[in-house]
Enquirer: 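Provided herewith is a single structure, encoded as structure tokens, for subsequent inquiry.
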Amino acid sequence: MGGFLSRLDEWFPPKPTWTPDNIPDLTGKIAIVTGGNTGLGKLTVQELLKHNAKVYLAARNKKSAEETIEELRTRTGKEAIFLQLDLADLTSIKTCADEFLGHESELHLLYNNAGVMQPPFEKTTAQGFDLQFGVNVLGHFYLTKLLLPTLLSTAKKCPEQHVRVVTVSSMAHVQFPQLKFDTFKDSPARSRVGYYNLPGVVSSQFLYGQSKFGNIVFAKELARRYGDQGIISTSVHPGAIDTGLWTAGTMPWIIIFIARLIFLHPMMYGVYTQLYAGTAPETAKMNGEYFVPWARRGKPHRNAEDAPLGKKLWEYMEEQVHEI
């Protein structure tokens, strides 16, 4: 449960025993996938469509999303539905939720999939939050909060259908398994930045690891609060996958080169774990759990089990979105 070196089976997982071929028929299920236009989100949308779910693809870039929708229609014969969503702007999130709720009265599966990794430090959200915390944690919290009444009513109406929220985290959470609330917004604490984690210095790596730790803390708190009302909330580490996150941020090229040479896995493997968490019948009994590659139950850093921390984070995020 410690650092990276104690998790070699997550860097180099055993052969999968579960694949997307095991997904049951999803006819009648309605899903939202954030960041569904690229990477793991795109493949998640593809597999859900193949198994007959009605899928809303939520993304910021409309042109890219429409191209993905057409590509997946050709591949699957099914068509996803575009939702405009910018997780770096809380007002956009509210508009997105309102748009969805204007069309649907049920929601069975929410994939909090989108994310950013080590963007240029000067970038913040529209409301001034650190971009990694704002997008990866707060943005998904707010979207989930706005959709929660519908998730709960769906769970009450169809208890056998197991309404689920799957939040994508990362093994990177073990590098910085803590929440420094004074770094969530642009501040002197956040400004002490350096590439390496020197004493007293907050690095962009820290801010990414913190956001991925926050994903797990949020997912577990959601499970605590609403598990008895039919919400199955889990978090996942998809694996060391060669996605656009590696090249979209400030990662040095030599690190990317070495990663691809040694431990990055093909894109398709990356969706196994989140699809398992969201669709496998057995995972409907694993509320609050954390899954690791490939489609296995795992253990996050022990700090993620801190219930008071989960409550504190939830209440902090409630305050930030209260007047949006």
Side-chain angles (χ1 to χ4, degrees), residues 29-45 47-48 53 55-60 83-90 92-94 96-97 100 107-117 125 129 131-148 150-152 154 162-170 172-173 208 210-227 231-238 241 243 245 270-271 273-279 283 287-291 300 304 310 313-314 317-318 320-321:
K29 298 271 184 94
I30 300 171
I32 295 176
V33 181
T34 70
N37 58 319
T38 61
L40 301 184
K42 178 178 177 179
L43 291 178
T44 299
V45 172
E47 294 303 317
L48 295 176
V55 186
Y56 284 82
L57 187 162
R60 181 181 58 179
L83 280 177
Q84 185 83 50
L85 173 66
D86 183 355
L87 286 163
D89 185 349
L90 295 173
S92 171
I93 296 169
K94 189 174 190 306
C96 174
F100 173 80
L107 178 59
H108 305 88
L109 180 54
L110 171 61
Y111 272 103
N112 291 325
N113 165 84
V116 293
M117 182 173 76
T125 71
F129 292 93
L131 190 65
Q132 294 181 102
F133 172 79
V135 169
N136 298 351
V137 189
L138 182 62
H140 280 126
F141 164 82
Y142 189 41
L143 180 64
T144 304
K145 173 183 169 63
L146 293 171
L147 297 173
L148 197 52
T150 301
L151 290 164
L152 289 168
T154 305
H162 307 301
V163 170
R164 310 197 203 190
V165 179
V166 179
T167 301
V168 177
S169 179
S170 168
H173 84 275
Y208 178 68
Q210 174 175 251
S211 74
K212 295 288 98 178
F213 178 70
N215 285 146
I216 303 172
V217 173
F218 156 67
K220 286 184 174 290
E221 183 65 12
L222 180 64
R224 290 187 198 99
R225 289 174 180 251
Y226 296 102
I231 303 297
I232 308 300
S233 171
T234 58
S235 55
V236 304
H237 164 45
I241 307 299
T243 70
L245 281 179
V271 296
T273 306
Q274 57 203 63
L275 287 169
Y276 175 68
T279 68
T283 57
N287 196 26
E289 294 290 348
Y290 170 74
F291 297 99
L313 176 63
W314 188 284
M317 293 194 292
E318 285 269 22
Q320 308 314 306
V321 304

Enquirer: At what distance, to the nearest 0.5 angstrom, does CG of D89 lie from NZ of K94?
Expert: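 The NZ atom of K94 is 12.5 Å from CG of D89, to the nearest 0.5 Å.
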Enquirer: Show, in sequence, the C-alpha distance, side-chain angles and deciding distance for Y111 and T34, and conclude whether the side-chain contact (heavy atoms from CB on, under 4.5 Å) test is met.
Expert: CA-CA 6 Å; Y111 272 103; T34 70; 5.9 Å; no
Enquirer: Carefully, step by step, assess V321 and L138 under the rule side-chain contact (heavy atoms from CB on, under 4.5 Å).
Expert: CA-CA 9 Å; V321 304; L138 182 62; 4.0 Å; yes
Enquirer: Keeping the roles fixed (side chain from Q210, backbone from F133), state whether a donor-acceptor pair exists under 3.5 Å.
Expert: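 Looks like no, no N/O pair under 3.5 Å.
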Enquirer: With a 4.5 Å cut-off on side-chain heavy atoms, are E221 and L313 touching?
Expert: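 No - every pair of side-chain heavy atoms lies 4.5 Å or more apart.
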Enquirer: May I ask you to test the V271-P238 pair for a side-chain heavy-atom distance under 4.5 Å?
Expert: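 A side-chain contact under 4.5 Å is absent here.
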Enquirer: What's the spacing between Y56 OH and L107 CG if we round to 0.5 Å?
Expert: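 Y56 OH to L107 CG: 10.0 Å, rounded to 0.5 Å.
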Enquirer: Could you report the tightest heavy-atom contact between S211 and V137, atom names first, then the distance?
Expert: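 Closest heavy-atom pair between S211 and V137: O-CG2, 3.1 Å.
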Enquirer: Might you point out which heavy atoms bring G310 and V217 nearest each other, and give the distance in Å?
Expert: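 Smallest heavy-atom distance, with atoms named: CA-CG1, 3.5 Å.
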Enquirer: One pair to check against side-chain contact (heavy atoms from CB on, under 4.5 Å): Y290 and H237. What are the steps and the verdict?
Expert: CA-CA 8 Å; Y290 170 74; H237 164 45; 3.2 Å; yes
Enquirer: Any side-chain heavy atom of L40 sitting closer than 4.5 Å to one from N113?
Expert: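 Yes. Closest side-chain heavy atoms under 4.5 Å.
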Enquirer: If you round to the nearest 0.5 Å, how far is CG of L87 from OG of S92?
Expert: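 The CG atom of L87 is 7.5 Å from OG of S92, to the nearest 0.5 Å.
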Enquirer: Answer whether the closest heavy-atom distance between the side chains of I93 and L85 falls below 4.5 Å.
Expert: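 Side-chain contact under 4.5 Å: yes.
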Enquirer: Out of curiosity, L43 CG to Q274 CD, how far, rounded to the nearest 0.5 Å?
Expert: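 Separation between the atoms: 9.0 Å.
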Enquirer: For H108, which residues count as a side-chain contact (heavy atoms from CB on, under 4.5 Å) partner, sequence neighbours excluded?
Expert: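 Per chain and number, H108 pairs via side-chain contact (heavy atoms from CB on, under 4.5 Å) with K29, I30, E106, T154, Q161.
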Enquirer: Flag the pair V165 / L148 as yes when at least one side-chain heavy-atom distance between them is below 4.5 Å, and no otherwise.
Expert: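 No, side chains not in contact.
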Enquirer: Of the non-hydrogen atoms in R60 and Q84, which two are nearest, and what is the gap between them?
Expert: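 R60 and Q84 have their closest heavy atoms at O-NE2, 2.6 Å.
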Enquirer: Any ion pair linking E289 and K220 (charged N to carboxylate O, less than 4.0 Å)?
Expert: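 No, no charged N to carboxylate O under 4.0 Å.
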Enquirer: Which atoms form the tightest heavy-atom contact between G134 and T125, and what is the distance?
Expert: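 Result for this residue pair: CA-CG2, 3.7 Å.
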Enquirer: Which residues pass the side-chain contact (heavy atoms from CB on, under 4.5 Å) test with K212, not counting sequence neighbours?
Expert: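 By the side-chain contact (heavy atoms from CB on, under 4.5 Å) rule, K212 matches N136, S169, S170, H173, Y208, N215.
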Enquirer: Is there side-chain contact between I231 and L152, with at least one heavy-atom pair below 4.5 Å?
Expert: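 Answer yes - side chains close enough.
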Enquirer: Of T283, T234, T279, which is the lone residue that meets side-chain hydrogen bond (donor to acceptor under 3.5 Å, both in side chains) with R164?
Expert: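 With R164 as partner, side-chain hydrogen bond (donor to acceptor under 3.5 Å, both in side chains) holds for just one option, T283.
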Enquirer: Without swapping roles, check the side chain of S233 against the backbone of A219 for a donor-acceptor pair under 3.5 Å.
Expert: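 Confirmed, S233 side chain pairs with A219 backbone.
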Enquirer: About how many Å separate CD1 of I232 and CG of L222, when rounded to the nearest 0.5 Å?
Expert: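 Those atoms lie 10.0 Å apart.
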Enquirer: Can you see which heavy atom on A59 is nearest to which on N37, and at what distance?
Expert: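 Smallest heavy-atom distance, with atoms named: CB-OD1, 3.4 Å.
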Enquirer: Identify, with sequence neighbours excluded, every residue that meets side chain to side chain donor-acceptor pair (under 3.5 Å) alongside N112.
Expert: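 For N112 the side chain to side chain donor-acceptor pair (under 3.5 Å) partners, ignoring immediate neighbours, are T144, T167.
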Enquirer: Roughly how far, to the nearest 0.5 Å, is the CZ atom of F291 from the CG atom of L275?
Expert: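 Taking CG in L275 and CZ in F291, the distance rounds to 12.5 Å.
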Enquirer: Under the side-chain contact (heavy atoms from CB on, under 4.5 Å) criterion, do F141 and Q320 qualify, and how do the steps go?
Expert: CA-CA 11 Å; F141 164 82; Q320 308 314 306; over 6 Å; no
